[in-house]
Asks: 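The structure is given below, and queries will be raised subsequently.
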Amino acid sequence: MGSIAHAGDDPFVVHRRLLFTVAYELLGSAADAEDVLQESWIRWSAVDASEIREPRAYLVRIVTRQALNHLRTVTRRREEYVGEWLPEPLLTSPDVADDVELAENLSIAMLTVLETLGPAERAVFVLREVFDMPYDEIADAVDKSPAAVRQIAHRAKSHVTARHPRVRVVRSEFEEVVGRLVAALNTGDLQGLMDVLAPDVVSVADGGGKARGAAQRPIVGADRVARYVIGGMAKAKGALAAVMTWVNGEPGIRMELDGQLLGVVSLAIEDGKVTRIFSIANPDKLGRLEVEAAVSR
């Protein structure tokens with residue numbers, strides 16, 4: 001993108017944060033989203049921008065189409081993935097949480113649910129629910145009629161709602177629960193950890209076959225999860241520390257070994273208890289956790 005860095009009035013530059021967010025929401029991978037933006041820039045640079053009446057909509061359409069093409073490729077790749085596949089986490093500014101809709105839809109929990117949608121359904125859901133695009137613009141982006149898009153949108157929303165009921169957690173409560181979890185992890189307090197977990201908590205780990213100790217199947221139940229976590233930390237060779245951070249618009253946890261990033265934990269919280277734990281330790285997915293990601297709607 002270096003060749004366009006000086007072109008501050010270029011619509012692609014103006015809307016780049018939005019375009020990255022669209023691609024990331026569709027793919028669950030920042031690396032893949034950057035590839036899509038590169039491909040989209042090549043296509044954008046080949047058109048006469050002065051003839052485009054609505055550059056934002058036009059660019060979203062290009063990015064959506066490139067992301068859909070990309071999805072077909074990465075779906076095959078993910079079928080061969082070792083263990084559970086989770087989205088690539090982003091370090092985000094606490095300010096992202098101020099846009100509640102964006103933060104909710106950026107969350108690892110939501111992106112994991114979006115993985116269960118087909119490509120067209122995912123694109124329609126994201127463009128409608130996250131970016132509030134009109135049905136006719138979505139229809140252009142996914143090459144379907146507005147009537148078909150309305151049906152897809154309804155079906156996709158029902159699917160997502162059934163798997164990810166909207167439970168709004170105020171920021172202070174979220175931070176308080178994460179703070180308690182961090183304290184329990186840093187002191188090896190098994191009971192303190194149990195106290196913050198819902199009885200039916202589910203822990204999912206993504207090590208990609210490259211992280212020692214990452215469970216390849218979900219672990220269910222507070223007792224099993226707590227003992228697994230505390231037992232794993234006790235085996236660490238070095239100083240293991242949990243540090244609160246911001247992941248995908250929500251408070252999360254960095255796990256560090258001797259000061260080096262080991263993994264990141266994202267959480268779903270309901271009624272003051274942790275209901276889902278998403279642990280991402282595949283080193284290939286941790287590169288975006290040192291610099292805040294530029295996301296927007």
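Given the structure is predicted, the values throughout are model-derived calculations rather than measurements. For the numbers below, each heavy atom of this structure counts, side chains included, while hydrogens, waters and symmetry mates do not.
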Asks: Taking A239's backbone N and O only, do any of them form a donor-acceptor pair with D258's side chain (distance below 3.5 Å, no angle check)?
Replies: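 Judged by distance alone, yes, a pair lies under 3.5 Å.
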Asks: Going by distance alone, is a donor N or O of one side chain under 3.5 Å from an acceptor N or O of the other, for S50 and D48?
Replies: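 Distance-only check passes for S50 and D48.
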Asks: I need the L26 CG to D32 CG distance, nearest 0.5 Å.
Replies: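 L26 CG to D32 CG: 11.5 Å, rounded to 0.5 Å.
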Asks: Would you check if the side chain of Y81 reaches a backbone N or O of L86 as a donor-acceptor pair within less than 3.5 Å?
Replies: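 Answer holds: no.
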Asks: L261 and G263: which non-hydrogen atoms are nearest, and at how many Å?
Replies: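 Where L261 meets G263 most closely, the heavy atoms are CD1-O, 3.4 Å.
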Asks: Report yes if some heavy atom in the side chain of E292 is under 4.5 Å from a heavy atom in the side chain of T92; otherwise report no.
Replies: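 A side-chain contact under 4.5 Å is absent here.
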Asks: Specify the closest pair of heavy atoms between A236 and L257, including all atoms of both residues, with the distance to one decimal.
Replies: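 Answer, listing the atom of A236 first, then L257: CB-CD1, 4.3 Å.
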Asks: Do V100 and V113 land in one hydrophobic cluster if side-chain heavy atoms of ILVMFWY residues count as linked below 4.5 Å?
Replies: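 Cluster IDs for V100 and V113 differ.
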Asks: Looking at A30 and Y24, what are the two nearest heavy atoms and their distance?
Replies: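 Minimum heavy-atom contact is N-CD1, 3.6 Å.
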Asks: Please report the closest heavy-atom contact between N282 and G208, naming both atoms and the distance.
Replies: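 Of all heavy-atom pairs spanning N282 and G208, the closest is ND2-CA, 3.7 Å.
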Asks: Linking I/L/V/M/F/W/Y whenever their side-chain heavy atoms sit closer than 4.5 Å, directly or via other members, would F20 and I42 fall into one cluster?
Replies: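 No.
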Asks: Working to the nearest 0.5 angstrom, can you tell me the gap between T161 OG1 and H159 NE2?
Replies: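 The OG1 atom of T161 sits 10.0 Å away from the NE2 atom of H159.
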Asks: Enumerate the residue pairs fulfilling salt bridge (Lys or Arg N to Asp or Glu O under 4.0 Å) with a member in residues 82-93, sequence neighbours excluded, ordered by first and then second residue.
Replies: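 The answer is E88-R288.
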Asks: Is it the case that the side chain of N248 and the backbone of L106 share a donor-acceptor pair, with hydrogens and angles ignored and the cut-off at 3.5 Å?
Replies: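 Yes, the answer is positive, given that a donor and an acceptor are paired below the 3.5 Å cut-off.
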Asks: Quick one: are T116 and R163 in side-chain contact, heavy atoms under 4.5 Å?
Replies: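 Heavy-atom side-chain distance check passes, below 4.5 Å.
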Asks: To check you understand the geometry: which heavy-atom pair defines the closest contact between A123 and V142, and what is its length?
Replies: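 In terms of heavy atoms, the two residues are closest at CB-CG1, 3.9 Å.
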Asks: Are more than 12 heavy atoms from other residues, nucleotides or ligands located less than 6.0 Å from atom CD of Q260?
Replies: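 Counting other residues, nucleotides and ligands, CD of Q260 stays at 12 neighbours or fewer.
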Asks: Could you list the residues that satisfy side-chain contact (heavy atoms from CB on, under 4.5 Å) with Q66, not counting sequence neighbours?
Replies: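 For Q66, the residues satisfying side-chain contact (heavy atoms from CB on, under 4.5 Å) (neighbours in sequence not counted) are V36, E39, S40, R43, I62, N69.
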Asks: Going by the salt bridge (Lys or Arg N to Asp or Glu O under 4.0 Å) test, which pairs reach into residues 146-155, not counting sequence neighbours?
Replies: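 Applying salt bridge (Lys or Arg N to Asp or Glu O under 4.0 Å) to every pair that reaches into residues 146-155, excluding sequence neighbours, yields E121-R155.
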Asks: Strictly by salt bridge (Lys or Arg N to Asp or Glu O under 4.0 Å), give each pair with a member in residues 218-237 just once, sequence neighbours left out.
Replies: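 Non-adjacent pairs meeting salt bridge (Lys or Arg N to Asp or Glu O under 4.0 Å): D223-R227.
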Asks: May I ask whether V243 and V274 are part of the same hydrophobic cluster, defined by side-chain heavy atoms of I, L, V, M, F, W, Y residues being less than 4.5 angstrom apart, directly or through others?
Replies: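 Each belongs to a different hydrophobic cluster.
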Asks: Determine yes or no for a side-chain-to-main-chain donor-acceptor pair under 3.5 angstrom, with S266 supplying the side chain and G252 the backbone.
Replies: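 No: the side chain of S266 does not pair with the backbone of G252.
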Asks: May I ask you to decide whether D195 forms a salt bridge with R180, counting only side-chain N to carboxylate O separations under 4.0 Å?
Replies: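 No, D195 and R180 are not salt-bridged.
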Asks: Answer yes if V178 and W246 sit in the same cluster of Ile, Leu, Val, Met, Phe, Trp and Tyr residues linked by side chain heavy atoms under 4.5 Å apart, and no otherwise.
Replies: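 Hydrophobic grouping puts V178 apart from W246.
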Asks: What's the separation between atom OG1 in T245 and atom CG in L91, rounded to the nearest 0.5 Å?
Replies: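 T245 OG1 to L91 CG: 5.0 Å, rounded to 0.5 Å.
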Asks: Do M255 and V265 make a side-chain contact, defined as non-hydrogen atoms from C-beta onward lying under 4.5 Å apart?
Replies: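 A side-chain contact under 4.5 Å exists here.
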Asks: Do NZ/NE/NH1/NH2 and the carboxylate oxygens of D140 and R65 come within less than 4.0 Å?
Replies: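 Not counted as a salt bridge, because no side-chain N and carboxylate O are separated by less than 4.0 Å.
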Asks: Should we say atom NZ of K144 is surrounded by more than 12 heavy atoms from elsewhere, each under 6.0 Å from it?
Replies: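 It does not: K144 NZ has 12 such atoms or fewer within range.
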Asks: Could you state the interatomic distance from CG (L127) to CD (E137), rounded to the nearest 0.5 Å?
Replies: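 L127 CG to E137 CD: 9.5 Å, rounded to 0.5 Å.
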Asks: Taking all heavy atoms of G28 and all of W85, pick out the closest pair and write down the distance.
Replies: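 Distance-wise, the nearest heavy atoms are O-CH2, 3.8 Å.
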Asks: Check side-chain contact (heavy atoms from CB on, under 4.5 Å) between S107 and all other residues, then give those that pass, not counting sequence neighbours.
Replies: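 So S107 forms a side-chain contact (heavy atoms from CB on, under 4.5 Å) with A109, M110, E250.
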Asks: Between atom CG of L289 and atom CZ of R254, what is the distance when rounded to the nearest 0.5 Å?
Replies: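 Spacing of CG (L289) from CZ (R254) equals 6.5 Å.
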Asks: Should the heavy atoms of other residues, nucleotides or ligands under 6.0 Å from CZ of R217 be counted, would the total exceed 12?
Replies: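 Not more than 12 within 6.0 Å, no.
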Asks: Applying the 4.5 Å side-chain criterion to the ILVMFWY set and letting contacts propagate, would M244 and I277 be lumped into a single cluster?
Replies: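 M244 and I277: one cluster.
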Asks: Is any NZ, NE, NH1 or NH2 atom of the basic residue among R122 and E115 found under 4.0 Å from an Asp or Glu carboxylate oxygen of the other?
Replies: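 Counted as a salt bridge, because a side-chain N and a carboxylate O are separated by less than 4.0 Å.
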Asks: Is there a donor-acceptor contact under 3.5 Å from the side chain of S279 to the main chain of A205?
Replies: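 Checking the backbone N and O of A205 against the side chain of S279, no donor-acceptor pair under 3.5 Å is found.
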Asks: Are the side chain of N186 and the backbone N or O of A241 linked by a donor-acceptor pair below 3.5 Å?
Replies: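 Looks like no, no N/O pair under 3.5 Å.
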Asks: Within a radius of less than 6.0 Å around CG of D271, do more than 12 heavy atoms belonging to other residues, nucleotides or ligands occur?
Replies: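 At most 12 heavy atoms, drawn from other residues, nucleotides or ligands, come within 6.0 Å of this atom.
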Asks: Side-chain contact test, heavy atoms from C-beta onward, threshold under 4.5 Å: evaluate it for I138 versus R128 and give yes or no.
Replies: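 Result yes, sub-4.5 Å side-chain heavy-atom pair found.
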Asks: Can you name the residues that form a side-chain contact (heavy atoms from CB on, under 4.5 Å) with V202, not counting sequence neighbours?
Replies: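 V204, P218, V220, R276.
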Asks: What I'd like to find out is whether the side chain of F131 reaches to under 4.5 Å of the side chain of V60, using heavy atoms alone.
Replies: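 A side-chain contact is absent here, since even the closest heavy-atom pair is not under 4.5 Å.
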Asks: Report the C-alpha separation of R297 and E129 in whole Å, then their side-chain angles, then the decisive distance to 0.1 Å, and conclude whether the salt bridge (Lys or Arg N to Asp or Glu O under 4.0 Å) test is met.
Replies: CA-CA 11 Å; R297 287 203 291 169; E129 295 297 319; over 6 Å; no
Asks: Name the one of I230, L193, L197 that satisfies side chain to side chain contact (heavy atoms under 4.5 Å, CB included) with V225?
Replies: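 Answer after filtering I230, L193, L197: L197.
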Asks: Please report the interatomic distance CG(N105) to OG1(T21), rounded to the nearest 0.5 Å.
Replies: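 Output value for this atom pair is 11.5 Å.
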